[in-house]
Structure formats: C-alpha cells, structure tokens
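In each ligand, atom 1 is the first atom listed, and ligand 1 is the first ligand listed.
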Amino acid sequence: MIVQEPSKSTANLQSVFENDAFLGHEQLVFCNDEETGLKAIIGVHSTVLGPALGGTRMWNYANDAEAVRDVLRLSRGMTYKASISGLNLGGGKAVIIGDSRQHKTDEMMQKFGEFVNRLSGNYITAEDVGINTHDMEMVKMKTDHVTGIPESMGGSGDPSPVTAYGVFMGMKASAKYRWGSDDLGGKKVLVQGVGHVGETLVKHLTESGAKVMINDIHEDTLERIANTYNAEIVRENIYDLDMDIYAPCALGATVNDDTIGRLKAEVIAGAANNQLADEVRHGKLLQDRGVVYAPDFLINAGGLINVYSEIAKYDRAEALRRTEDIYNTTLRILTDAETHGITTHAAALKLAEERVEAKRKQMRG
Ligand code: NAD
C-alpha cells in the first residue's frame, strides 16, 4: 500500500476545524442536487441548548466562499439569540445559492426539504430573506422540521408583529436606562424601514406619544404609513436629523464609520440584524460617545420566541409574555456593560455564552 504524504491542500483542509472563521460550528452541510439546481449550505452552530433553529436565506452570493461566511455568521448569531432569550434552542441557519426571483422552483424547495429531513431534527428551518410561505409549504412536504408556517396550517403565522413588540420593549428599557423613565412620549424617533416589523413598531411608538419620523425606499409604503399613524416622512440626510432614538429596521451595518459621527440619537434600538458594521470597533465608539446601543440579537428575538411556540407548544399569550421580558434583559445587559466597562454588545454575548457553557458543563456531568 502506498501511503501518501498529505498534500499542501489537504493540510489546509485539516485546519478548517481550528480556523477562527469556522466559528466553532458543530456541523456544516453542503447540499448539491444537479437535477433541481439546488446548491445549499446548512450551518449547525450549536445544539447544546436544543435543536438548531434558524431560517433559510436565498441570495445571489458572488461566490461560494461568501455563502459559507454568511451561513457561519448567521447560524452562530442564532445560538446567541436563542440563548439570551432563555429558549431551549440551538443555533442554525441555511443558505440557498441563487437569485430567488429567477432560480427558485417548487422542486428545488422540496429537494431542500429532503436535505433538512436527513438531519433528523438537528436543524429546524424557517423563512428568511428570499423565502416565502409557499416555499416553506414545499419544504414541509418533505420534512416536519419546519417552523413559521401559516396559522391556517397550524403554525404560529407571521412573526413580525411579535418582533416589533420586542424591539419596542428593548427601546423602552434603553430609554429608562438613558433618561430614567421609559415613557417615550415626546421622544423623537427615526424608524428606518417601515416593512413588516417597522410598521408595527411605528404603531406602538405613535400610540405611546412619540414623535415618529419614517424613512423607506418605497414611496407608496411611506405615504400609507404616514397617513395611517400620523408619522413624518423624512427622505434626505436622515442620519443628520435631530432625534433622540434611531431605530434601524431595514438593513444591517447602518451604524458605521460614516454615520456614527453624524447621529445625534442617544439611543439606538431597532430590528435589523447586524446593525454595527464592526461589532467591536463601532460598539466601542458608541460606548465612548455615551450612546446607548440595545444589542440587535437581544431585542429582535420576539420572532424567534414566537416561532419557538410551534415546538414548545405554548401559546401566543405566553410568547408575548416572554417577549415582554426583553425589557428586563435589556436593562440587565445595559447595567452589566456599565459595571464591567464593556460594550453592550459584548455584555450581551457574554450572557448568551454563559448559558451555553453552563448547559455544556451540566451535560458533561
Ligand atoms: P421587510 O422586508 O418587511 O421590511 C424592510 C423595509 O425596509 C422595507 O419596507 C424596505 O422597502 C425598506 N428598506 C430597504 N432598504 C432600505 C433602505 N436602504 N433605506 C430605507 N428603507 C429600506 O423586513 P422586515 O421583516 O420588516 O425586517 C426588517 C429587519 O428586521 C430586517 O433586517 C430583518 O432581518 C430584521 N428582523 C426581522 C424579523 C421579523 O420577524 N420579520 C426578526 C428579526 C430580525
């Protein structure tokens, strides 16, 4: 038998598990089906607290490496989101490579369901960017490991209103911490992105007497929301506006080198994932400027809490109660950050990691 020396490329491959970029994942599954054109990657970051739950995103990634990076980052984020919310869930996420408007077919989604099924419940999927309810119905034909299905099919329905409620709770707690009262009456709030979550957030804010400014790329949406909730439309130089609270509810990375110096808000609390372009550096810049940043993965967890009710069999009222608890957790994180002189993002990560570590130790016995 000829024993070959490991080639250079094999040696590199072995280092994948030690590589920082692998982010300590338990499992990374590449799904390839020539017939339907499915190219997907499922990332299972952790199942320590429970099955890894997280949505499937379909995106036209520039290359496969970008897709791998995205799924690794997103699935790790789900571990932290579930942990900090006190849910018995691990963290996972899936990405399908391709343009959802051009390449997606029912057959492709069913094939994806087969791949999910092979993981025997280790990974549970849901909707994310580029995936809709119909797609999830296709997935459901091949596996039971799906959540976020319509109420008509026995699911928990659209999670967005619950997400918005959690963001509102996190915002109130941040106000309490910053100004000594959680009364948002008279506070100037900019809501960027008035989609599924943003609209309900605007509703809560206007009902509590806040002065709400709204921004969106869709003019018809802006007009409708402004008329329904008596909000002011803002279109230009939004980061320079006079405001108390900035609520990013559209895209990630809007808190960055360009915007931090311009933002006059004393509180940042919104629904968008990954709001800080650089978690460490921008988190520190906000801390130095005395801006209260409510960690995104903590305050936007309402949707996950709602979806979890499909597995844990609790009801909407209980999901709302748990979501309301985001208020207390936010206050705790903001206080912890001050006590330890660390950023609020770091304080939130610490709490999330501690719960996973405690369970890991308990499992070891
Ligand atoms: P959505 O697509 O319904 O709404 C997003 C809105 O942002 C749209 O109205 C869109 O026109 C607008 N928008 C896009 N680009 C913009 C820009 N450059 N400037 C201003 N507006 C812009 O999405 P959603 O479900 O409301 O989610 C909003 C954010 O919250 C996303 O980042 C999402 O990942 C995050 N999030 C959502 C949930 C949920 O339950 N839906 C849960 C957790 C996190």
Side-chain angles (χ1 to χ4, degrees), residues 53-59 70 73-75 77-78 80-82 84-85 87 89 91 93 95 100-101 126-133 136 147-150 155-171 190-204 213-226 228-229 231 233-239 241 246-256 258-259 268-277 294-310 316 319-320 323 326:
L53 193 152
T56 297
R57 173 172 293 191
M58 183 156 184
W59 194 255
D70 207 30
R73 197 179 50 92
L74 290 165
S75 51
M78 291 309 294
Y80 296 144
K81 192 181 295 212
I84 207 162
S85 307
L87 306 177
L89 283 179
K93 201 93 180 181
V95 297
S100 62
R101 290 192 195 154
E127 279 178 44
D128 196 71
V129 177
I131 298 293
N132 57 37
T133 326
M136 279 297 125
T147 54
I149 50 174
S156 60
D158 181 8
S160 309
V162 188
T163 301
Y165 185 57
V167 171
F168 183 58
M169 288 296 118
M171 192 184 281
L190 168 66
V191 180
Q192 178 189 35
V194 280
H196 286 97
V197 180
E199 174 170 357
T200 310
L201 181 62
V202 169
K203 178 173 173 287
H204 288 305
M213 298 174 278
I214 54 171
N215 173 260
D216 202 286
I217 46 171
H218 290 123
E219 197 57 33
D220 51 344
T221 310
L222 274 176
E223 299 286 348
R224 183 177 63 76
I225 307 280
T228 313
Y229 304 101
I233 296 176
V234 292
R235 294 189 179 85
E236 276 159 33
N237 301 322
I238 59 163
Y239 299 111
L241 295 169
Y246 168 49
C249 296
L251 313 165
T254 60
V255 181
N256 53 42
D258 172 45
T259 58
I268 298 178
N273 285 312
N274 306 313
Q275 290 166 27
L276 308 180
D296 46 18
F297 70 88
L298 162 65
I299 73 166
N300 73 12
L304 179 66
I305 294 170
N306 196 52
V307 150
Y308 180 59
S309 66
E310 285 179 37
R316 182 81 162 189
L320 286 173
T323 304
I326 288 177

- Between T163 and ligand 1, find which residue part has any heavy-atom pair under 4.0 Å and reply side chain, backbone, both or neither. side chain
- Region of V129 engaging ligand 1 - heavy atom pairs below 4.0 Å: neither
Quick one: look up the protein heavy atom nearest [atom] and list residue, atom name and how far away it is.
atom: atom 17 (C) of ligand 1; result: I217 CG2, 3.7 Å
atom: atom 34 (O) of ligand 1; result: N273 ND2, 3.3 Å
atom: atom 21 (N) of ligand 1; result: D216 CA, 3.5 Å
atom: atom 4 (O) of ligand 1; result: G195 CA, 3.2 Å
atom: atom 25 (O) of ligand 1; result: H196 CB, 3.7 Å
atom: atom 41 (N) of ligand 1; result: S160 OG, 3.2 Å
atom: atom 44 (C) of ligand 1; result: A271 O, 3.4 Å
atom: atom 37 (C) of ligand 1; result: V197 CG2, 3.8 Å

- Item | Parallel, tilted or perpendicular, as decided by the 30° and 60° cut-offs, for the rings of Y239 and Y246 | perpendicular
- Task: Report yes or no: does T221 have a heavy atom closer than 4.0 Å to ligand 1?
- Result: no
- Message: Please check whether G303 reaches ligand 1 - meaning an N/O of the residue sits under 3.5 Å from an N/O of the ligand, judged on distance alone.
- Response: no
Pairwise side-chain contact, [X] with [Y], heavy-atom cut-off 4.5 Å (strictly under):
X: K81; Y: N300; result: yes
X: N306; Y: R316; result: yes
X: L304; Y: M78; result: yes
X: I268; Y: P248; result: yes
X: E223; Y: I233; result: yes
X: R101; Y: M58; result: no
X: W59; Y: V129; result: yes

- Task: Might you check, step by step, whether the distance between atom 2 (O) of ligand 1 and some protein heavy atom is under 4.0 Å?
- Result: no
- Item | Heavy atom of protein closer than 4.0 angstrom to atom 23 (O) of ligand 1 | no
Heavy atoms only: which of [options] lies closest to [atom]?
atom: atom 43 (C) of ligand 1; options: N300, T200, N215; result: N300
atom: atom 5 (C) of ligand 1; options: G166, A126, C249; result: C249
atom: atom 13 (N) of ligand 1; options: A272, A250, G55; result: A250

- Between S85 and Y308, do the side chains contain an N or O donor and an N or O acceptor separated by less than 3.5 Å? no
- Between N256 and T259, do the side chains contain an N or O donor and an N or O acceptor separated by less than 3.5 Å? yes
- At a 4.0 Å threshold, what atoms of ligand 1 neighbour a non-hydrogen atom of H218? 11 (O)
- Got more than 12 heavy atoms from elsewhere within 6.0 Å of CD, E236? no
